[in-house]
Amino acid sequence: MKTRLIHKALATAAVLMISACDDQPATPTTTEPGTEESAQTAQVTTEDNIAPGAEDISKAIAPMLAPYTWLEISHVSSELTTTESGIQSLSAQIQLSVKEDMYRRESPPSAFNEERKAINASANAAVQPNSLYLLQIGAPTESITEEDRKSRPLPDNLKQLTNELRDLAESEVYTLETKAGTQYTITATMRATKGENGWDITDVSLQTANLPAPDCAVPAAAIPEGSAILTPEFTEARKQEIKTKIAAFEAAAAPYIKSREDEARAAWMEYKAATEEKNRKAAEEATAAAAEKEQWINYCTTTIAAGKLFSGEWVRGNDFGEVTLEISKARKYENSIQFLGHLYDTQLQEARMDIYGRCDFTKNEDGTSRVDITIYDGIYEEDKPTAEVYDASDGIMQLTLDAKGNLSGTMTCVSWKNNPEKAFRISLSQKNK
């Protein structure tokens, strides 16, 4: 690094600079044998043997050396030349000495993290989701929930141990950069003018390229107490400390990992018991439902059968009358009974309408089955209100069969769907023939 500044000759207090840097220091330059002299002496070569002394030069360069608080001037030699225009140019060789051991702050050796990897097996087992433990003990995938698939946080005691291990493996260290007493030689150039009150030195330029950067070196006195100084002995001790800490983690993690396995096994047993109970209950319910369905089918089959009579009344508005439904033939199918029969006025059996119908075996929520009937032909009384249905080609009955053997619903025409008030309400109960 080469800098050029213009200064009056002033003495400047050094500023302490402490910071980390990864740059390697320049190779120190030592003074040739035989040149060791006091900083207060200087070699001067000019025509009249008049030149600034070591003290003048030291004062001139002091501001530029202020960042290098860990260096001190040990020797100054200079040569003053005068140009044809009368300008006096001074070139000085400055010998600097390192006052104390200097260190560089850097990341820890990768070997520490390699040692720390030994914790991974136990740490992973401690935080792995319940699902992995369940699979290890043979639980089926259908028993695994979304909650089981979530990883578990480490308990506080294990978390503290992992944090301590991380600090051991990743905390920064200090490496010896330059030993105390190391010598550096730099060159300084400047203009020197002799005045009434001494030398006036300007245009000072200091060539510091071979010096470590000021913010790269940390003096020994500035290293925080308890910081790690990287030495072979420290490296081995830190590795052993990491191993000891890992052993402590594994000892603490072992019972916790076992408890996780026991927890998974207990959860699997609970799930298995609950599943078996659920399956048995479902089987019992299915058996009961099948029995109930079979019982209802048998009931429908015996109720909607050949020779059965259902008598009751029809009502529409203020009109009413008696009506009988007689089943003459019936045939059972998988899901229903289909039948043929007649519909007639209870008091006038000669006027009969032919019907065919279907009783569905499906049981509704209200405990009834649907019965649909079509009125398609026959003889009817023209002076009865029911003649409106009997005479139409789309006369139907929409009834339901309940558990007491009653048929109820409406008698209407398909074309009356927008005139529901024209429908007849039907109420029939089972009668002996």
Side-chain angles (χ1 to χ4, degrees), residues 293-364 366-433:
K293 181 179 180 180
E294 186 65 24
Q295 183 180 5
W296 183 252
I297 290 174
N298 292 337
Y299 168 74
C300 293
T301 303
T302 56
T303 302
I304 306 297
K308 293 292 184 177
L309 289 176
F310 297 87
S311 294
E313 66 173 357
W314 59 262
V315 176
R316 184 173 71 173
N318 295 325
D319 295 326
F320 56 88
E322 294 181 292
V323 66
T324 296
L325 187 152
E326 179 183 0
I327 299 175
S328 55
K329 292 183 180 180
R331 177 177 293 182
K332 180 181 177 182
Y333 292 90
E334 181 179 358
N335 298 313
S336 67
I337 295 175
Q338 294 187 17
F339 58 89
L340 297 173
H342 303 93
L343 187 67
Y344 53 85
D345 188 320
T346 305
Q347 302 302 324
L348 185 63
Q349 299 185 23
E350 293 80 6
R352 290 172 170 244
M353 298 301 298
D354 298 328
I355 60 170
Y356 63 87
R358 179 182 185 274
C359 176
D360 197 305
F361 288 152
T362 302
K363 199 172 187 179
N364 300 321
D366 61 356
T368 64
S369 276
R370 179 174 174 175
V371 178
D372 294 313
I373 297 174
T374 299
I375 304 170
Y376 66 92
D377 198 4
I379 302 171
Y380 58 89
E381 294 182 89
E382 296 182 354
D383 58 345
K384 298 285 188 180
T386 52
E388 294 183 50
V389 175
Y390 299 158
D391 186 49
S393 60
D394 57 352
I396 58 174
M397 299 180 77
Q398 296 175 324
L399 309 176
T400 57
L401 173 66
D402 64 19
K404 295 181 180 180
N406 299 320
L407 290 172
S408 59
T410 61
M411 182 171 67
T412 184
C413 292
V414 176
S415 56
W416 294 357
K417 65 179 181 178
N418 294 327
N419 303 99
E421 71 280 357
K422 297 179 68 175
F424 296 83
R425 286 187 290 111
I426 302 297
S427 298
L428 305 175
S429 58
Q430 193 172 178
K431 301 295 182 181
N432 293 326
K433 188 171 183 180

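Closest approach of Trp296 and Ser369 over heavy atoms only: NE1-OG, 2.6 Å. Across Ser328 and Ala306, no two heavy atoms sit closer than the pair O-CB, 3.4 Å. What you find for Thr410 and Ile426 is that their closest heavy atoms are C-CG1, 4.0 Å.
Open room surrounds NZ on Lys384; 12 or fewer heavy atoms of other groups in view lie less than 6.0 Å from it.
Rounded to the nearest 0.5 angstrom, Leu401 CG and Gln430 CD are separated by 8.5 Å. Rounded to the nearest 0.5 angstrom, His342 NE2 and Leu325 CG are separated by 10.5 Å. Rounding to the nearest 0.5 angstrom, the gap separating the OH atom in Tyr380 from the OG1 atom in Thr386 is 10.0 Å. We find the CG-CG distance between Leu428 and Leu343 to be 8.0 Å, quoted to the nearest 0.5 Å. Separating the NZ atom in Lys293 from the OG1 atom in Thr362 is a distance of 6.5 Å, to the nearest 0.5 Å. Atoms CD1 and CD1, from Ile355 and Ile373 in turn, are 4.5 Å apart once rounded to the nearest 0.5 Å.
In this structure a side-chain-to-backbone donor-acceptor pair under 3.5 Å is present from Thr303 to Tyr299. Formation of a donor-acceptor pair under 3.5 Å by the Asn419 side chain with backbone atoms of Glu421 is not found in this model.
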Report all side-chain donor-acceptor pairs from residues 310-320 shorter than 3.5 Å, counting only partners two or more places apart or in another chain.
unit_1: Ser311; atom_1: OG; unit_2: Thr324; atom_2: OG1; d: 3.0
unit_1: Arg316; atom_1: NH1; unit_2: Lys422; atom_2: O; d: 2.9
unit_1: Arg316; atom_1: NH2; unit_2: Glu388; atom_2: OE2; d: 2.7

List the steps, then state whether side-chain contact (heavy atoms from CB on, under 4.5 Å) holds for Ile337 with Thr301. CA-CA 7 Å; Ile337 295 175; Thr301 303; 3.7 Å; yes
What verdict does the side-chain contact (heavy atoms from CB on, under 4.5 Å) test give for Val389 and Thr412, after you've listed the backbone C-alpha separation in whole Å, the side-chain angles of each residue and the deciding distance to 0.1 Å? CA-CA 6 Å; Val389 175; Thr412 184; 5.9 Å; no
Decide yes or no on side chain to side chain donor-acceptor pair (under 3.5 Å) for Asp366 and Thr368, but give the supporting numbers first. CA-CA 6 Å; Asp366 61 356; Thr368 64; 2.7 Å; yes
side-chain contact (heavy atoms from CB on, under 4.5 Å) between Glu326 and Gln349, worked out: CA-CA 11 Å; Glu326 179 183 0; Gln349 299 185 23; over 6 Å; no
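Under the side chain to side chain donor-acceptor pair (under 3.5 Å) criterion, Tyr344 pairs with no residue, sequence neighbours left out. Take Arg358 and apply the salt bridge (charged side-chain N to carboxylate O under 4.0 Å, His left out) test, not counting sequence neighbours, and it matches Asp360.
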